[in-house]
Amino acid sequence: MRVAIIGQGYVGLTIAVGAAGAGHMVVGFDVNPALVDQLNTGKSHIEGITDTELGSFIEAGSYNASADASALDGSEVIVIAVPTPLDAQRNPDLSFVHAVAALIQNNVKSPALIVNESTSYPGTLRNEIAARITGVDHLYASSPERVDPGNTQWGTKNTPLLVGGLTPAAVTKAKEFYGSFSDSIIEVSTPEVAEAAKLFENTFRQVNIALVNEFVQIADALGISGREVIDAAATKPYGFMPFSPGPGVGGHCIPVDPSYLAHVANQVGVPATFIKRANEVNLAMPGYVVKRIVAGAGGSIMGKRIAVVGVSYKSNVADTRETPAAAVIDQLREQGAIVTWHDNLVGSWRGETSSPIAGSDIAVVVTKHHGVDVAAITGCGYVFDCTGSIAGVDGI
Ligand SMILES: NC(=O)c1ccc[n+]([C@@H]2O[C@H](COP(=O)([O-])OP(=O)(O)OC[C@H]3O[C@@H](n4cnc5c(N)ncnc54)[C@H](O)[C@@H]3O)[C@@H](O)[C@H]2O)c1
């Protein structure tokens, strides 16, 4: 099939490579011309896709990136994978999705299957995309993306996909397309069910992470190890699922998607109390971490040299969006510490560059990537580990 993927970020490039690998002819469309140029030279910008893999599809003619909207027309399948952030008031910002609807309206004159993979609230495909595209008889489906960047066990092929269509023909076409590179497609009755399932999946994580973050504070105050309790509870073979505590939540999904659900909940008069409380608990974690560091360092960090290790939001990815490392660093600085950070994947961030760990008075491990120098961390006078992966040091 001739396929166009709109948005060549984490999600779009992953689908593009999956589809190219299945033998489709893929155009990766993006509004960022620098990214398009980079991709066309065979240089991937995401962890799960190697330059060799991308280069081989470019060489075979099955993938090319483009910033030219005329490349979209004539596609059998058009997949939308653009950002769905929150605005300044923490309400859904669908401006990217609306821009794509306008792009399709203005440039796609032959009928296509249009699939939205961007995460959004129920009704987005129907009301915010399909309703804005007129004059051509397209098919519309929703298949919310479930990619977990950096996850080597679950990828495009073996992670089951949900598909909900506006019409049976849309579902049939979407199953044909996704079935060519994904092992398991699960049909749901409407696009709204698929859209809501994605929000519920991430809200489930957000609420459980908040619960475990609150629990470790209780355990610490009781003088027991929260992580040991979680491991002990996880020996129960049913009815319990372990989540890991941490310095907060980051990335494009867990801090954002539940607020999309809360937004529609409010519109229909249901107060999304769990989501609100979970947000509060997770957003307060950097403050808790800093409080523990100050206490662990003897009551003051004024003038202390602190290395914050790992500033991306999770291990082995370079993504710093919404990372709790930002609040941890800011709050350590507010307490008078001289803070540098070290991240072998991120390199530069917020106008600062990665610094060595060695020579610091305190090391604070926010995220631990493979290959980080643990000896340099434990060589610092005091270590606070938010990842629970360094033996014999303080942490959560
Ligand atoms: N990153 C993840 O782990 C993940 C997982 C599941 C779902 N999602 C969802 O997938 C969607 C995309 O996320 P992402 O992480 O790939 O974002 P991203 O920021 O990595 O990539 C989005 C890309 O879209 C491009 N873009 C913006 N407006 C455009 C337009 N009008 N036309 C064409 N391209 C445009 C941007 O230039 C960027 O390259 C979001 O809804 C997100 O919530 C993300």
Side-chain angles (χ1 to χ4, degrees), residues 5-15 29-35 45-46 67 69 78-106 114-133 140 142-147 149 191-192 194-203 205-207 248-272 274-276 278-280 282-283 312-313 317 319-324 326-327 349-350:
I5 316 283
I6 301 182
Q8 288 295 278
Y10 278 85
V11 168
L13 188 60
T14 306
I15 309 160
F29 176 82
D30 203 288
V31 286
N32 177 350
L35 175 62
H45 64 117
I46 66 171
I78 297 175
V79 176
I80 303 169
V82 293
T84 46
L86 297 174
D87 65 18
Q89 286 74 46
R90 292 191 68 80
N91 287 319
D93 171 4
L94 288 191
S95 58
F96 297 94
V97 168
H98 291 158
V100 168
L103 186 81
I104 293 172
Q105 170 71 24
N106 295 334
I114 296 172
V115 188
N116 183 38
E117 292 219 20
S118 317
T119 305
S120 187
Y121 52 76
T124 297
L125 178 78
R126 196 182 298 271
N127 304 322
E128 309 296 338
I129 298 175
R132 288 168 176 254
I133 302 171
Y140 293 93
S142 163
S143 181
E145 179 56 50
R146 288 172 158 173
V147 68
E192 285 77 13
E195 291 164 330
K198 170 72 191 183
L199 296 186
F200 187 54
E201 289 161 23
N202 282 352
T203 301
R205 280 188 62 71
Q206 179 231 19
V207 168
V249 290
H252 193 330
C253 295
I254 308 298
V256 174
D257 300 353
S259 297
Y260 270 67
L261 187 55
H263 172 81
V264 282
N266 290 336
Q267 281 182 336
V268 291
V270 180
F274 273 97
I275 294 173
K276 187 168 177 288
N279 266 336
E280 287 166 358
N282 289 333
L283 286 169
S312 65
Y313 81 94
V317 301
D319 193 346
T320 53
R321 287 178 292 185
E322 310 261 343
T323 176
W349 170 62
R350 300 204 301 178

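All values derive from a computational prediction rather than experimental measurement. The basis for the numbers below is simple: all heavy atoms, side chains too, and nothing from hydrogens, waters or symmetry mates.
In plain terms, the two heavy atoms of Pro255 and Asn279 that are nearest each other are O-OD1, 4.4 Å. The two atoms that bring Asn32 and Asp30 nearest to each other are N-OD1, 2.9 Å, heavy atoms only. Pairing each heavy atom of Ile133 with each of Ile104, the nearest pair is CD1-CG2, 3.8 Å. Of all the heavy atoms in Gly269 and Pro271, the pair that sits closest is O-CD, 3.8 Å. The two residues Ser120 and Leu94 have their closest heavy-atom pair at OG-CD2, 3.5 Å.
Between the Asp319 side chain and the Gly251 main chain, no donor and acceptor come within less than 3.5 Å of each other. Remark: side-chain polar atoms of Ser118 are not paired, donor with acceptor, to backbone N or O of Thr84 under 3.5 angstrom. Remark: side-chain polar atoms of Glu195 are paired, donor with acceptor, to backbone N or O of Leu125 under 3.5 angstrom. Of the possible polar contacts, one joining the Tyr260 side chain to the Pro85 backbone as a donor-acceptor pair under 3.5 Å is found. When atom types are taken as modelled, the side chain of Thr323 and the backbone of Gly250 share no donor-acceptor pair closer than 3.5 angstrom.
Residues meeting the salt bridge (charged side-chain N to carboxylate O under 4.0 Å, His left out) test with Glu192, sequence neighbours left out: Arg126.
Distance CD/Gln89 to OG/Ser259: 12.5 Å, rounded to 0.5 Å. The line from OG1 of Thr320 to OH of Tyr313 is 10.5 Å long, rounded to the nearest 0.5 Å. To the nearest 0.5 Å, atoms CG (Asp257) and CZ (Arg205) are separated by 11.5 Å. Rounding to the nearest 0.5 Å places CD1 of Ile275 at 12.5 Å from CD of Glu280. For the atom pair Ile114 CD1 and Tyr140 OH, the distance stands at 4.0 Å (nearest 0.5 Å). Between the CD1 atom of Ile6 and the CD1 atom of Ile15 there is a distance of 11.0 Å, given to the nearest 0.5 Å.
For residues 95-106, every residue pair satisfying the side chain to side chain donor-acceptor pair (under 3.5 Å) rule, not counting sequence neighbours, is listed here: Asp93-Ser95, His98-Glu128, His98-Arg132, Gln105-Thr134.
Between Val249 and Gln206, every side-chain heavy-atom pair lies at or beyond the 4.5 Å cut-off. Two residues are said to be in side-chain contact when any heavy atoms from C-beta on lie closer than 4.5 Å; Leu199 and Pro122 meet this criterion.
Taking a 6.0 Å sphere around CZ of Arg321, one finds it holds more than 12 heavy atoms contributed by other residues, nucleotides or ligands.
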